[in-house]
Amino acid sequence: LVIKGASISQRWYPEPWLRPRNDDDLLVPEATFDRACEALRDGGYRDTPQNPGAGQMGQAHFARAVPHGGSHFVDLHARPLVPGAFRTLPGFEDLAAGAQPLPGIGPDARGPSGPLTMLLGCAHRVAHHPLAGEPGQPLEGGVHLDEAVVDGVAAGAPQHLVQREP
């Protein structure tokens, strides 16, 4: 599954190139993570520096040279986000169940539903970018996290994934 920036750029921006990103994030089932890493290596990608214990963290970083200079970077994930605070985010099976085509990326590309794509994008921003979630700072695509946004994401998410505090 294509997740985070690449999926967001296809769903929430008028033109995908308007959403800056440094890499493409792919989510695979945990049981196939090692095979997916090997497939990227077989496709010409090389391992890039990362946190120690990629297999334990469920994430690995790869790069491949592209024509005319530069590199294409891929972050391969076995879980949507690494930080422990986000361990209750939907996993591959739940995200794949409602996956939708991303024809702008390729004929077989699929990503989570629109609401779950935004949920992962916002969670990523909160986890990795210090100003995300602060008053006045957009989380993703100009979206500000408020009750209406949370309600909108929850309304579009599979109901077994929505837990509300009383």
Side-chain angles (χ1 to χ4, degrees), residues 1-48 50-51 54-55 57-67 70-83 86-129 132 138-143 145 149 152-158 160-162:
L1 286 176
V2 178
I3 61 171
K4 300 195 294 190
S7 184
I8 288 168
S9 74
Q10 296 293 312
R11 296 192 188 288
W12 297 93
Y13 284 77
E15 295 292 337
W17 54 265
L18 292 172
R19 200 303 186 162
R21 64 182 193 274
N22 298 323
D23 58 22
D24 290 317
D25 293 271
L26 302 176
L27 178 66
V28 299
E30 252 181 276
T32 66
F33 181 75
D34 291 336
R35 285 190 312 225
C37 288
E38 286 304 317
L40 284 167
R41 290 180 193 111
D42 290 347
Y45 285 84
R46 59 180 168 70
D47 295 83
T48 61
Q50 60 194 18
N51 295 331
M57 296 296 287
Q59 184 174 353
H61 309 286
F62 296 90
R64 182 177 78 176
V66 294
S71 295
H72 177 243
F73 297 95
V74 171
D75 279 355
L76 187 66
H77 299 262
R79 292 180 287 285
L81 284 174
V82 173
F86 296 96
R87 67 183 173 280
T88 59
L89 284 173
F92 179 85
E93 289 75 20
D94 285 320
L95 295 170
Q100 299 171 345
L102 296 172
I105 294 175
D108 297 321
R110 299 181 63 75
S113 68
L116 291 177
T117 290
M118 185 57 74
L119 173 67
L120 294 180
C122 289
H124 172 79
R125 294 275 301 182
V126 168
H128 298 290
H129 302 279
L139 287 173
E140 185 60 71
V143 171
L145 188 59
V149 171
V153 169
H160 73 282
L161 298 176
V162 178

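Taking both residues in full, the closest heavy atoms of Val2 and Pro112 are given as O-CD, 3.2 Å, listed atom of the first, atom of the second, then distance. Contact detail for Arg21 and Asp23: the closest heavy-atom pair is CD-O, 3.4 Å. Counting all heavy atoms, side chain and backbone alike, Arg19 lies closest to Ser9 at CB-CB, 3.7 Å. Across Pro90 and Leu119, no two heavy atoms sit closer than the pair CD-CD2, 4.2 Å. The nearest pair of heavy atoms linking Leu27 to Ala78 is CD1-C, 3.7 Å. Across Arg110 and Leu102, no two heavy atoms sit closer than the pair C-CD1, 3.8 Å.
Inter-residue side-chain proximity for Phe92 and His77 is flagged as unmet; no heavy-atom pair is nearer than 4.5 Å. Contact of the Leu76 side chain with the Phe62 side chain is registered, since non-hydrogen atoms from C-beta on lie closer than 4.5 Å. Side-chain atoms of Asp25 and Leu120, non-hydrogen and from C-beta on, never get closer than 4.5 Å to each other. Side-chain contact between Leu116 and Gln100 is absent, with no heavy atoms from C-beta onward closer than 4.5 Å.
Under a 4.0 Å N-O distance rule, the pair Arg41/Glu38 qualifies as a salt bridge.
Put simply, CG on Leu26 and NZ on Lys4 are 10.5 Å apart, with the number rounded to the nearest 0.5 Å. The distance from atom CE of Met118 to atom OG of Ser113, rounded to the nearest 0.5 Å, is 11.5 Å.
Heavy-atom contacts from other residues, nucleotides or ligands closer than 6.0 Å to CG of Asp42 number more than 12.
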